[in-house]
2 protein chains.
Amino acid sequence: MPADLANDPLAALPGYALRRAATTQMAQLSVRMGTIGLRVTEASVLLLIGARPGLTSADIGKILDIQRANMAPLLARIEDAGLIVRAPIDRKSQAILLTRAGETRRAEVEAITNAFEAELLARIPAEHRDHLLPALQALWD
Amino acid sequence: MPADLANDPLAALPGYALRRAATTQMAQLSVRMGTIGLRVTEASVLLLIGARPGLTSADIGKILDIQRANMAPLLARIEDAGLIVRAPIDRKSQAILLTRAGETRRAEVEAITNAFEAELLARIPAEHRDHLLPALQALWD
DNA sequence: TATTGTTATACTCTATAACTATA
DNA sequence: TATAGTTATAGAGTATAACAATA
């Protein structure tokens, strides 16, 4: 059901609209990432590692706002899938790097992401479009 | 961590910013609703029932995009808390109505919501502020 | 002392399937 | 036949606490 001011008194609230827009869009992105066997969070990690190889698990968690405790099983899944390897930095930390298969998968994630982002922006009336990203960035911390 | 274009290549993606902004803001709203013993979804139901008394469980679910199966335990919780009652419409459907205690709680939800929404908008640079709601509504269905 | 990586655990939201009863 | 309400169940994201090992 699209935003319906007449019947839904919550539809006029930016915070509520933010939640509804995010859940709807993320559900759609989840379906697309599912076609290549990835969850959205796993896909976001592949994009980050591709852009910044050598980050540690803790680094990735801080940047993507994922708790260290939740990074462990996430990395285990994409490692089991052969997409990443761990290179020891010292006896405590490990750099996360993409494998060849991981780089291939990352490129697929990038293609899906670019198409998704383009379609998302296309849905927004032109006069509002360029304001979305800066407005959202101001709400994020 | 706020949006950081230099270190987070995902920060320039509107869809990713949408997710981050929504999770951050909803976590904050969740804390505030928690002070009156409610979850965000429960609070949204109280606001809707207050504005449109007599809706059925199925109606509420369709408007708020909550599955019928998930409405059952949600309504059971706020009924057990004495905030709503059910009035039979026929032998199959029930109208959901606020009790006196429910109306009091709804007013508290409204106050929290108004303060939250005002603070949310205040964070957005003025030139972008009025564009957020229409942009989000265009993404929601 | 602080940080890394990990395990265990729990809560919330969301999703589907299946069932009974009634419109 | 379709809809209302419910139960059971599972997947996903998120959160805290606790631990061993190392910086």
Side-chain angles (χ1 to χ4, degrees), chain A residues 1 16 18-34 37-45 54-80 84-96 140, chain B residues 1 10 15-16 18-34 37-45 54-80 84-96 140:
Chain A
M1 180 184 296
Y16 182 74
L18 176 61
R19 187 160 89 102
R20 287 291 292 270
T23 56
T24 296
Q25 294 295 319
M26 285 309 111
Q28 294 182 16
L29 183 58
S30 180
V31 170
R32 299 192 192 196
M33 292 304 175
L38 293 175
R39 303 179 186 180
V40 171
T41 49
E42 295 163 356
S44 69
V45 168
L55 293 177
T56 66
S57 173
D59 293 333
I60 295 167
K62 285 172 189 162
I63 293 170
L64 299 183
D65 193 31
I66 301 171
Q67 304 289 329
R68 286 188 301 284
N70 297 326
M71 285 301 305
L74 193 169
L75 291 180
R77 287 193 300 270
I78 59 179
E79 184 179 29
D80 289 347
I84 61 166
V85 289
R86 313 193 196 216
I89 293 172
D90 53 35
R91 279 183 298 177
K92 190 164 78 166
S93 300
Q94 301 171 324
I96 309 297
W140 151 9
Chain B
M1 177 183 297
L10 301 177
Y16 182 75
L18 176 62
R19 185 160 91 103
R20 288 291 294 268
T23 56
T24 297
Q25 293 295 318
M26 286 308 112
Q28 294 182 15
L29 183 58
S30 180
V31 170
R32 299 193 191 197
M33 291 304 175
L38 293 175
R39 303 178 186 180
V40 171
T41 50
E42 295 164 357
S44 69
V45 167
L55 292 178
T56 66
S57 173
D59 293 333
I60 296 166
K62 284 172 189 162
I63 293 169
L64 298 183
D65 194 31
I66 301 172
Q67 303 289 327
R68 286 187 303 284
N70 297 326
M71 285 301 304
L74 194 169
L75 290 180
R77 287 193 300 269
I78 60 179
E79 184 179 30
D80 290 348
I84 62 167
V85 289
R86 315 193 194 215
I89 294 173
D90 52 34
R91 280 184 296 179
K92 190 165 79 166
S93 299
Q94 302 171 324
I96 309 296
W140 150 10

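We use all heavy atoms of the structure for the numbers below, so side chains are in, but hydrogens, waters and symmetry mates are not.
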Only residue of Ile96(A), Val45(A), Ile63(A) satisfying side chain to side chain contact (heavy atoms under 4.5 Å, CB included) with Leu55(A) is Ile63(A)
Closest heavy-atom pair and its distance - Leu64(A), Tyr16(B):
CD2-OH, 3.2 Å
Nearest heavy-atom pair of Ala43(B) and Met33(B): which atoms, and what distance?
CB-SD, 3.7 Å
To the nearest 0.5 angstrom, please state how far the OG1 atom of Thr24(A) sits from the CE atom of Met26(A).
10.0 Å
Rounded interatomic separation in angstrom, taking [atom1] from [X] and [atom2] from [N]:
X	N	atom1	atom2	answer
Arg91(A)	dA2(C)	CZ	P	22 Å
Ile89(A)	dT3(C)	CD1	C1'	13 Å
Gln94(B)	dT20(C)	CD	P	19 Å
Glu42(A)	dG13(D)	CD	P	7 Å
Arg39(B)	dA10(C)	CZ	P	16 Å
Gln67(A)	dC11(C)	CD	C1'	14 Å
Leu55(A)	dT4(C)	CG	P	12 Å
Arg86(B)	dT6(D)	CZ	C1'	10 Å

What residues, two or more places apart in sequence or in another chain, satisfy side chain to side chain contact (heavy atoms under 4.5 Å, CB included) together with [X]?
X	value
Ser57(B)	Met71(B), Leu75(B)
Ser93(A)	Thr56(A), Ile89(A), Asp90(A)
Ala87(B)	Ala95(B), Leu97(B)

DNA chain C: 5'-proximal contact among Arg19(A) and Ser93(A) (nearest heavy atom):
Ser93(A)
Is the phosphate of dT4(C), meaning OP1 or OP2, less than 4.0 Å from a side-chain N or O of Ser57(A)?
no
Does a nitrogen or oxygen in the side chain of Thr41(A) sit under 4.0 Å from OP1 or OP2 of dG13(D)?
yes
Is Ser30(B) touching bases, backbone alone, or none of the nucleic acid, heavy atoms closer than 4.0 Å?
nothing
Quick test of your reading: applying salt bridge (charged side-chain N to carboxylate O under 4.0 Å, His left out), list the pairs with at least one residue in residues 67-80 of chain B, sequence neighbours left out, ordered by first then second residue.
Glu42(B)-Arg77(B), Glu79(B)-Arg86(B)
Residues from residues 68-77 of chain B sitting under 4.0 Å of DNA chain C, heavy atoms only?
Ala69(B), Asn70(B)
Using a 4.5 Å cut-off on heavy atoms from C-beta on, say whether the side chain of Val40(A) contacts that of Arg19(B).
yes
Atom pairs, protein N/O to nucleotides 1-3 of chain D N/O, distance under 3.5 Å:
residue	atom	partner	partner atom	Å
dT3(D)	O2	Lys92(B)	NZ	2.4

